[in-house]
Every structure is written in C-alpha cells, then in structure tokens.
Amino acid sequence: MGFPILSRYLLKKIIKIVVCIVVTYTGYRYISRNKADKNGLTILTYHSISNEIEPDETVTPEEFERHLQYIEENYKVISLEEAIEYLQTDIEKVSGSIVITFDDGYSDNYYNAYPLLKKHNFPATIFLITGFIKNNVSKYLSPSQIHEMKNNNISFGAHTISHRILASLTNEEVVREIRGSKDMLELQLEQRINFFAYPVGTRVDFNDEIVEIVKACKYSCACSNMYGMNGKNADIFALKRIGIETTDNFFIFKKKLNGTLNIMSFKDTKYFQRFKRIFF
Ligand SMILES: [Zn+2]
C-alpha cells in the first residue's frame, strides 16, 4: 500500500514547506525549541549521495556540496568523538556545532561524498551494516574503500550485521547483531569501534533493553534517528539526529539546521510511527 513515489515526495515536500513557513511566521520556533536543546549539538544523518532518486534519503552530489558550503559558512563541524566528549564535559563547546553521519555504508559515500568532505576538511562518521560489506563492486562499501577513508578523517561505527529492526528480534539475536557487528569491524579496521546506530532508529525501533545491550557491548555512544538536537540532558545512547531526505530542498535544509523544523519531532511519537507504517 502507498502513494506512487512522486506524489508522495511532492506531498512530503509541500508539508515541510508549509510547516517551515508557519513556524517562521508565527514565532512557534521559540516555543518548539526545547530549552535543553537550545544551542545543542546537531547530528545530521545522510544515506546515499547519488543522482538516483531512491531510497527516500538520497541527496545528489550537487546538493550535498551546497550543504557543505553552507555549513562551512555558518557552523563548525566536529567529529562524533569530540561531540561525545563535549556533551559529557563542556556542553558550551557543542553550541553551533554539527556532526556529519551517514547510515548504511553505501559505496556512493566513497565516490561522491568523501571527495567533497575532503575538500572541506570535514570529519564524518559512517555507520556500516557489516553483512553488506562487499569485496567486489557493489552498492555498499568495500574493505579497501573503508580503509582509505579511515586514514582520512572518516570514522566508522556499527549499524548491526543485517539491518533488521532490533525491537522485532529476540534478545539473543539482538546481542548477535550488536556485538557481532562490533567484533567484525574491529577485526577488519584493527581499531576499537565505539559508535553504534540503531537500524531505522525511530522511537519504536529500539527500547531500553536494547540500549542496555549496547552499553554492555562497550560502545561509548549510540545514534538514533529520533528527530532533534542534543542539549544539556542528551542521552548519549539515544542521540537524536536530523535526517536529510530526498524531499528536502535547500530552503528546508537551512530550516532544519536552525531548529525551525524541530517541531517535526512529533514524528517520533508511537502513534505517528504506527500511522506511517499503515499508510505509507
Ligand atoms: Zn540504516
């Protein structure tokens, strides 16, 4: 079930633009920005950087370069490692900072995103699905591409072995996914893997028990895809991120960065997630 893809994209885009305009002109922005989130850390989630229209979170290389240019002019990019340290020690330091992350480990991150990140001298973190890492040319990153990026300002985190939604698995399977992906990456990269990202990562895709398993597996933080910024009371095992999607034009992108669209965090309620899964 679902709308044809292009009308769905158009509908999403229209909704976002309307929200941006309403929020900007009613001053709702200041109400919607949670006090703790104000001046918090923004972690961006990208997926594919390519000219293909799918999946829903694809950003073209041209748009991505425009984003980086805008970020360079207006914000400070820090690594996820620095961000975790600052969140725990000196929250003031994250004010106006952005962390760039990518989920799923698409090979276009190497071909299209990595050269641009290098050009701007920006660090970034890529969350890899270890079962998808392939030696040959494929949609996903290869070990040699990962190695090259590892030596050039890109860090890696685990995003499970199979990308199944953790909340739908048995405890044993959850442990295998979380610990197994860490072990595999540590072996392959010959370094400690400290970052984890929950597959899909909305509020219904993981729970407290799963968070405890992530902690027990000795990760130092975990990223969700719950929408928002991370302020004083940020949970470093359920960090909020701001997903950049195919339907975000440059106007929407800028509004996402300045917090106007923080109101979108209503999407993280269980009711909305259920509604979305039924109708989309
Ligand atoms: Zn993912």
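The figures here come from the full heavy-atom set of this structure, side chains too, leaving out hydrogens, waters and symmetry mates. Remember, it's 1-based here, ligands and their atoms both numbered in the order they're listed.
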min-distance N/O/S atom, H163 vs the Zn ion (ligand 1), resolves to NE2
- Under 4.0 Å between a Lys/Arg side-chain N and an Asp/Glu carboxylate O for K119 and E65? yes
Would you say D104 reaches the Zn ion (ligand 1) with an N/O/S atom under 2.8 Å?
yes
Exercise. So, is the end of the K182 side chain (NZ or CZ) under 6.0 Å from the ring centre of Y219 and within 45° of the ring's axis?
Worked result: yes
| said: Suppose we call two aromatic rings close when their centres sit under 6.0 Å apart. Are F251 and F253 close by that rule? | reply: no
Measuring to the Zn ion (ligand 1), does H159 have an N/O/S atom at a distance below 2.8 Å?
yes
Partner of F64 under ring pair (Phe, Tyr, Trp, His ring centres under 6.0 Å), picked from F250, Y114, F122, Y46, is Y46
